[in-house]
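All ligand and atom numbering here is 1-based and tracks the order in the structure.
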Amino acid sequence: MRHFLTLNDFSKEELENILDIAFDLKKEIGNGISSQKMKDKSLAMIFEKSSTRTRVSFEVGMTQLGGHALFLSSRDTQLGRGEPIKDTARVISRMVDMVMIRTFKQSDIEEFASYSRVPVINGLTDEFHPVQLMADYMTMIECGKIDNPKVAYIGDGNNMAHSWLMLASKMGFELSIATPKGYEVDEDILGTALENAKISGAKINILNDPKQAAKDADVVTTDTWASMGQEDEKKQRELDFKGFQVDTDMMRLAKSDAIFLHCLPAYRGQEVSEEVLESSQSVVFEEAENRLHAQKGIIVWLDTHRG
Ligand code: CP
Ligand code: NVA
């Protein structure tokens, strides 16, 4: 049995295989066919943080596959009142066929998975957002950006930056991450990515100059300056991230046919300008839709690898 906790747990071939399934399912549903691959199966979705895309895409995805999804907010379950993760995992995984969790610590989702009888999917932690990157890569493929693309991530060294590190280092493309000083990516995660890069041929550039990162990029991406759980730091971060907004001038440094990606929600006037977000280079809503298709691919792949 396999879990989907970080992209690092998967080989390049496995990630490509998941995306092949996702593209097939996208085509099927576009033709009005619902393959019922999860017929009568249930997905528990545990949310300890807010969500629009993740909740809707997983829930609708399960419906389209003939199954059912349960929304479990930690505020309304015994988990929120202190029931241990290991007990919750053993109870829920005896009743459902798969679990998706959005929480704070990566170690909590790993603990849950270690006690679970069924596959567990990471729907975002403070460290990683792997399902988002599957949708992002799917969008890059659709936009023809997979022939040695240069990706520029400009902003906070957060869960999205870490997940880009994992994707680039597995797939073997060039990634430049530019963060303000003091907001760099985690050193251990960077170390893992650099090890992967030795095998895949990926080129990883860690910078503090956003313009250097954006130069000649095929894909420019960013994320909120204050992630969920960092609301108190918002004001300070706005000061510290000055000069890191992806605006029209920044996009001009990239290739003329570069695309703009953002996991959303986006904060206009902060990490991205209104103009860039609404420009013809922005494919953020195609990217958001691909959450649905990519995750259906993940669900079906995990279900067929249960042994
Ligand atoms: N990108 C993303 O995960 O969005 P939500 O927080 O709305 O799920
Ligand atoms: N980095 C953001 C991503 C939201 C989808 C957060 O963790 O809040």
Side-chain angles (χ1 to χ4, degrees), residues 4-7 22 43-62 69 71-75 99-109 121-140 153-167 177-180 183-186 189 219 221-234 236-238 240-241 244-246 260-268 270-272 277 282-299:
F4 197 86
L5 304 185
T6 84
L7 297 181
L43 170 76
M45 308 186 297
I46 302 173
F47 282 94
E48 296 201 280
K49 291 178 176 174
S50 305
S51 168
T52 297
R53 279 144 289 268
T54 305
R55 178 184 175 177
V56 175
S57 54
F58 270 107
E59 192 161 335
V60 171
M62 277 302 283
F71 174 72
L72 302 168
S73 157
S74 58
R75 280 183 292 278
V99 180
M100 187 240 73
I101 308 178
R102 167 167 285 197
T103 188
F104 292 87
K105 292 194 297 207
Q106 182 75 13
S107 57
D108 283 352
I109 199 166
I121 302 173
N122 182 352
L124 181 147
T125 60
D126 291 345
E127 284 95 333
F128 294 111
H129 196 2
V131 292
Q132 176 71 50
L133 268 287
M134 295 300 277
D136 293 5
Y137 198 60
M138 210 173 159
T139 312
M140 283 171 63
Y153 175 95
I154 294 166
D156 188 21
N158 61 10
N159 44 13
M160 281 301 295
H162 294 155
S163 301
W164 274 107
L165 275 174
M166 288 303 147
L167 183 75
I177 295 188
T179 67
Y183 293 96
E184 284 88 358
V185 295
D186 179 90
I189 295 171
V219 177
T221 186
T222 184
D223 185 20
T224 180
W225 291 340
S227 285
M228 288 181 275
Q230 297 173 333
E231 287 76 10
D232 294 349
E233 299 171 31
K234 213 167 179 303
Q236 185 59 46
R237 283 171 172 261
E238 275 171 33
D240 296 344
F241 282 74
F244 280 76
Q245 183 181 103
V246 179
F260 174 74
L261 294 175
H262 192 310
C263 65
L264 304 179
Y267 297 86
R268 290 162 164 87
Q270 296 193 21
E271 77 274 9
V272 59
L277 196 72
S282 169
V283 287
V284 298
F285 298 109
E286 287 78 1
E287 178 188 5
E289 180 191 326
N290 280 335
R291 292 291 305 278
L292 170 65
H293 310 298
Q295 288 157 198
K296 284 168 73 182
I298 295 167
I299 291 168

Considering only non-hydrogen protein atoms, determine which one is nearest to [atom] and report residue, atom name and distance to 0.1 Å.
atom                   : answer
atom 7 (O) of ligand 1 : T52 N, 2.7 Å
atom 4 (C) of ligand 2 : L124 CD1, 3.9 Å
atom 6 (O) of ligand 1 : R102 NH1, 2.8 Å
atom 4 (O) of ligand 1 : R53 NE, 2.8 Å
atom 2 (C) of ligand 1 : R291 NH1, 3.2 Å

Give a yes or no answer on whether the side chain of [X] reaches the backbone of [Y] with a donor-acceptor pair at less than 3.5 Å.
X    : Y    : result
Q106 : E127 : no
H162 : D186 : yes
E289 : E287 : no
N159 : T125 : yes

Query raised in the report: Going by the order shown, which atoms of ligand 1 are within less than 4.0 Å of some heavy atom of C263?
Result: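 Result: 1 (N).
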Heavy-atom pair of closest approach, residues [X] and [Y]:
X    : Y    : value
K49  : L124 : NZ-CD2, 3.6 Å
W225 : D156 : O-OD2, 4.0 Å
A226 : K234 : CB-CG, 4.1 Å

Query raised in the report: With respect to atom 1 (N) of ligand 1, which of L264, T54, N159, V284 exhibits the smallest heavy-atom separation?
Result: L264
Query raised in the report: Applying a strict 4.0 Å limit to heavy atoms, is R55 in contact with ligand 1?
Result: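 The answer is no: ligand 1 sits nowhere under 4.0 Å from a heavy atom of R55.
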Query raised in the report: Taking only residues two or more places apart in sequence, or in another chain, which ones meet R291 in a side-chain hydrogen bond (donor to acceptor under 3.5 Å, both in side chains)?
Result: T54, Q132, Q295
Query - Atom indices of ligand 2, in the order listed, that fall short of 4.0 Å to a heavy atom of L264 - result: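 Every atom of ligand 2 under 4.0 Å from some heavy atom of L264: 5 (C).
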Requested in this report: Enumerate the atoms of ligand 2 whose separation from the nearest heavy atom of N158 is less than 4.0 angstrom.
Outcome: 1 (N)
**Report entry** Candidates T224, T179, D223 - the one meeting side chain to side chain donor-acceptor pair (under 3.5 Å) with N158
**Finding:** D223
If we only count N/O pairs under 3.5 Å, is [X] in contact with ligand 2?
X    : result
K49  : no
D223 : yes
S227 : yes
M228 : yes

Query raised in the report: Does any N/O atom on L124 come nearer than 3.5 Å to any N/O atom on ligand 1?
Result: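 Looking only at distances, the answer is no, because the N/O contact criterion of under 3.5 Å is not met.
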Report summary line: Which of Q270, H262, Q245 passes side chain to side chain contact (heavy atoms under 4.5 Å, CB included) with T222? Answer is H262
Query raised in the report: Side-chain contact, heavy-atom cut-off 4.5 Å: D136 with W164?
Result: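 The answer is yes, as the side chains (C-beta and beyond) meet within the 4.5 Å cut-off.
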Query raised in the report: Just heavy atoms, cut-off under 4.0 Å: does N159 contact ligand 2 by side chain, backbone, both, or neither?
Result: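 For N159, the contact with ligand 2 is made by the side chain alone.
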Query raised in the report: Does ligand 2 have an atom under 4.0 Å from some heavy atom of T54?
Result: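 Flag not set, T54 not near ligand 2.
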